[in-house]
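Just below is one structure, and these are the notes that go with it.
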Amino acid sequence: MLTEEEQEELRRELTKVEEEIQTLSQVLAAKEKHLAEIKRKLGITSLQEFKQNIAKGWQDVTATNAYKKTSETLSQAGQKASAAFSSVGSVITKKLEDVNIRSIQHSISMPAMRNSPTFKSFEEKVENLKSKVGGAKPAGGDFGEVLNSTANATSTMTAEPPPEQMTASP
């Protein structure tokens with residue numbers, strides 16, 4: 001327990017600290033008002049400050065070890081995926097090379113077969129696969145063109161660069 005004298009001393013100190021806090025609050029408010037006036041005169045807007053804060057925050061995030069490690073891991077994963085897709089393209093090209101493309105192209109050109117739902121579905125899947133493996137080809141190419149370009153690519157594969165670097169003739 002505190003004595004009457006100690007309690008009175010603490011009450012005086014409490015009053016003094018409260019007055020100091022009030023004074024500091026008034027000084028802070030005046031400083032904030034002065035700051036706002038300076039920014040207004042310089043043409044600094046809240047939006048500009050927000051943009052700067054976002055940029056600084058992003059810079060801080062990209063400087064962290066976690067971000068750098070994640071970025072590096074994703075880059076390696078992308079490279080591996082690219083290599084895998086390239087490998088799949090090479091395997092498909094090799095398999096098509098093993099099949100007599102000219103005879104398939106000739107037999108597929110029969111109108112009855114070309115108009116069948118099964119053939120159209122197969123044609124669509126092959127075109128989608130070709131665009132994914134060999135890069136995008138302008139729209140409008142038909143299945144015959146796809147087979148021709150594949151045949152041309154496989155026949156010149158030993159003398160020329162890989163299929164993704166070649167332009168197939170229509």
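Note that the numbering runs from 1 along the sequence shown for the chain.
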Problem - Full working for side chain to side chain contact (heavy atoms under 4.5 Å, CB included) between Lys31 and Leu35 - result: CA-CA 6 Å; Lys31 293 282 186 184; Leu35 175 68; over 6 Å; no
Could you check whether any side-chain N or O of [X] sits under 3.5 Å from a backbone N or O of [Y], counting only pairs where one atom can act as donor and the other as acceptor?
X     : Y     : value
Thr62 : Trp58 : yes
Thr64 : Asp60 : no
Thr23 : Glu19 : yes
Ser87 : Ala83 : no
Ser82 : Gly78 : no

Exercise for the section: In sequence, state the C-alpha distance, the side-chain angles, and the governing distance for Glu72 and Lys68, and then conclude on side chain to side chain contact (heavy atoms under 4.5 Å, CB included). Expected result: CA-CA 6 Å; Glu72 181 181 311; Lys68 290 176 183 176; over 6 Å; no
Handout entry: Lys/Arg N to Asp/Glu carboxylate O, Lys16 vs Glu13, below 4.0 Å
Key = no
Problem - Considering all heavy atoms, the nearest Glu49-Ile44 contact - result: CG-CG2, 3.9 Å
[X] side, atom [atom1]; [Y] side, atom [atom2] - distance, nearest 0.5 Å:
X     : Y     : atom1 : atom2 : result
Lys51 : Ser46 : NZ    : OG    : 12.0 Å
Thr45 : Arg40 : OG1   : CZ    : 13.5 Å
Glu37 : Lys33 : CD    : NZ    : 8.5 Å
Gln52 : Leu47 : CD    : CG    : 10.0 Å

Practice task
Apply side chain to side chain contact (heavy atoms under 4.5 Å, CB included) to Glu8 and Arg12, showing your working.
Solution key: CA-CA 6 Å; Glu8 188 58 36; Arg12 281 193 299 269; 3.2 Å; yes
Practice task
Answer yes or no: does atom CD of Glu5 have more than 12 heavy-atom neighbours from other residues, nucleotides or ligands under 6.0 Å?
Solution key: no
